[in-house]
Trainee: 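I have a structure here, written as structure tokens, and I will follow up with some questions on it.
In what follows, every heavy atom counts, from backbone to side chain, and hydrogens, waters and symmetry copies are set aside. As the structure lists them, so they are numbered: ligands from 1, and atoms in each ligand from 1. Predicted model only: the values in this text are computed from it and were never measured. Sequential numbering from 1 along the given sequence is applied to the chain's residues.
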Amino acid sequence: MTRKAVFPGSFDPITLGHTDIINRALPLFDELIIAIGININKKYMFDIELRTKMIEEVYKNNPKVKVISYTGLTVDLCHKKNFPYILRGLRNPADFEFEKAIAQTNRKLGNVETVFLLTGPETSYISSSIVRDIYKNGGDISGLVPKEILKFL
Ligand code: ADP
């Protein structure tokens, strides 16, 4: 059986926190879809094309990784693509509380299991929103994002 997982998120932009989770999940799965969720009520800093391009650049040499964008429910995407697992990262107790409800709902709604990886100590403080704040204010984000995306920024 091939083990396939969807890693959903905003990735606005992808950070070293995301890549830590993705890189540690890759040995566990045969295929990983990085799925950029589009929520029309949310304002993004980087448009969907650029966010997709940045992630593709990071994983261009890894045939296990695909990048897509989607609207609607993550469980519907999992069913459509026939991917039985969702991958999520956990940084802190707030993430846990929030993710717990979503994971339990996704299991009830769509029989999709969520696999959690704990954040690594070196990247636990990194979030896309911190990166956006630093970037907006002209600070140096090079230690917080994969080096492959710097050329797009
Ligand atoms: P969302 O809006 O769905 O939370 P994000 O792009 O912020 O989208 O996050 C996508 C996933 O990556 C989430 O599971 C989140 O917990 C995880 N993640 C983000 N930053 C980190 C980090 N520094 N360490 C571990 N996981 C992280």
Trainee: Could you list the atoms of ligand 1 found under 4.0 angstrom from a heavy atom of F11?
Mentor: 6 (O)
Trainee: Any idea which part of R88 is under 4.0 Å from ligand 1, heavy-atom wise: side chain, backbone, both or neither?
Mentor: both
Trainee: Do T15 and ligand 1 have an N or O pair less than 3.5 Å apart?
Mentor: no
Trainee: For the residue pair I33 and F83, establish whether any side-chain heavy-atom pair is separated by less than 4.5 Å.
Mentor: yes
Trainee: Shortest non-hydrogen contact from P13 to F46?
Mentor: CD-CE1, 3.7 Å
Trainee: Give me the nearest non-hydrogen protein atom to atom 2 (O) of ligand 1 as residue plus atom name, then the distance to 0.1 Å.
Mentor: S10 OG, 3.0 Å
Trainee: Specify side chain, backbone, both or neither for T123, according to which of its non-hydrogen atoms lie closer than 4.0 Å to ligand 1.
Mentor: backbone
Trainee: Measure across T119 and S124 and return the closest heavy-atom pair with its distance rounded to 0.1 Å.
Mentor: OG1-CA, 3.0 Å
Trainee: Out of S129, P8, G89, who is nearest to atom 10 (C) of ligand 1 when you count heavy atoms only?
Mentor: P8
Trainee: Going by the order shown, which atoms of ligand 1 are within less than 4.0 Å of some heavy atom of F7?
Mentor: 11 (C), 12 (O)
Trainee: Show the numbers, then the answer: is there a salt bridge (charged side-chain N to carboxylate O under 4.0 Å, His left out) between E57 and K60?
Mentor: CA-CA 5 Å; E57 183 66 21; K60 68 178 174 204; 2.9 Å; yes
Trainee: In terms of heavy-atom contacts, does CG of N23 have more than 12 from other residues, nucleotides or ligands at under 6.0 Å?
Mentor: yes
Trainee: Looking only at protein heavy atoms, identify the closest one to atom 20 (N) of ligand 1 and say how far it is in Å.
Mentor: R91 NH1, 3.3 Å
Trainee: Mark the output for Y125 as yes if a heavy-atom distance to ligand 1 is under 4.0 Å, and as no if none is.
Mentor: no
Trainee: So, for H79 and V112, which heavy atoms are closest and what is the spacing to 0.1 Å?
Mentor: NE2-CG2, 3.9 Å
Trainee: Provide the closest heavy-atom pair for Y135 versus M45 in the form atom of the first, atom of the second, distance.
Mentor: CD2-SD, 3.9 Å
Trainee: By number and element, which atoms of ligand 1 are closer than 4.0 Å to a non-hydrogen atom of I21?
Mentor: 25 (C), 26 (N)
Trainee: Give a yes or no on this: more than 12 heavy atoms of other residues, nucleotides or ligands lie within 6.0 Å of atom NZ of K64.
Mentor: yes
Trainee: Indicate, as side chain, backbone, both or neither, the part of K42 found under 4.0 angstrom from ligand 1 when only non-hydrogen atoms are considered.
Mentor: side chain
Trainee: Testing the basics here: between P146 and T15, what is the closest heavy-atom pair and its distance to 0.1 Å?
Mentor: CD-C, 3.8 Å
Trainee: Output yes when the distance from some N or O of ligand 1 to some N or O of I126 is under 3.5 Å, and no in every other case.
Mentor: yes
Trainee: Give me the residue, atom name and distance of the protein heavy atom closest to atom 24 (N) of ligand 1.
Mentor: T119 OG1, 3.0 Å
Trainee: Counting non-hydrogen protein atoms only, what is the nearest one to atom 9 (O) of ligand 1? Give residue, atom name and distance.
Mentor: H18 NE2, 3.4 Å
Trainee: I'd like to check L16 versus E122 (side-chain heavy atoms, cut-off strictly below 4.5 Å). Are they in contact?
Mentor: no
Trainee: Compute the shortest N/O to N/O distance between S128 and ligand 1 and return yes if it is under 3.5 Å, no if not.
Mentor: no
Trainee: With backbone taken as N, CA, C and O and side chain as the heavy atoms from C-beta onward, which portion of D95 lies under 4.0 Å from ligand 1: side chain, backbone, both, or neither?
Mentor: side chain
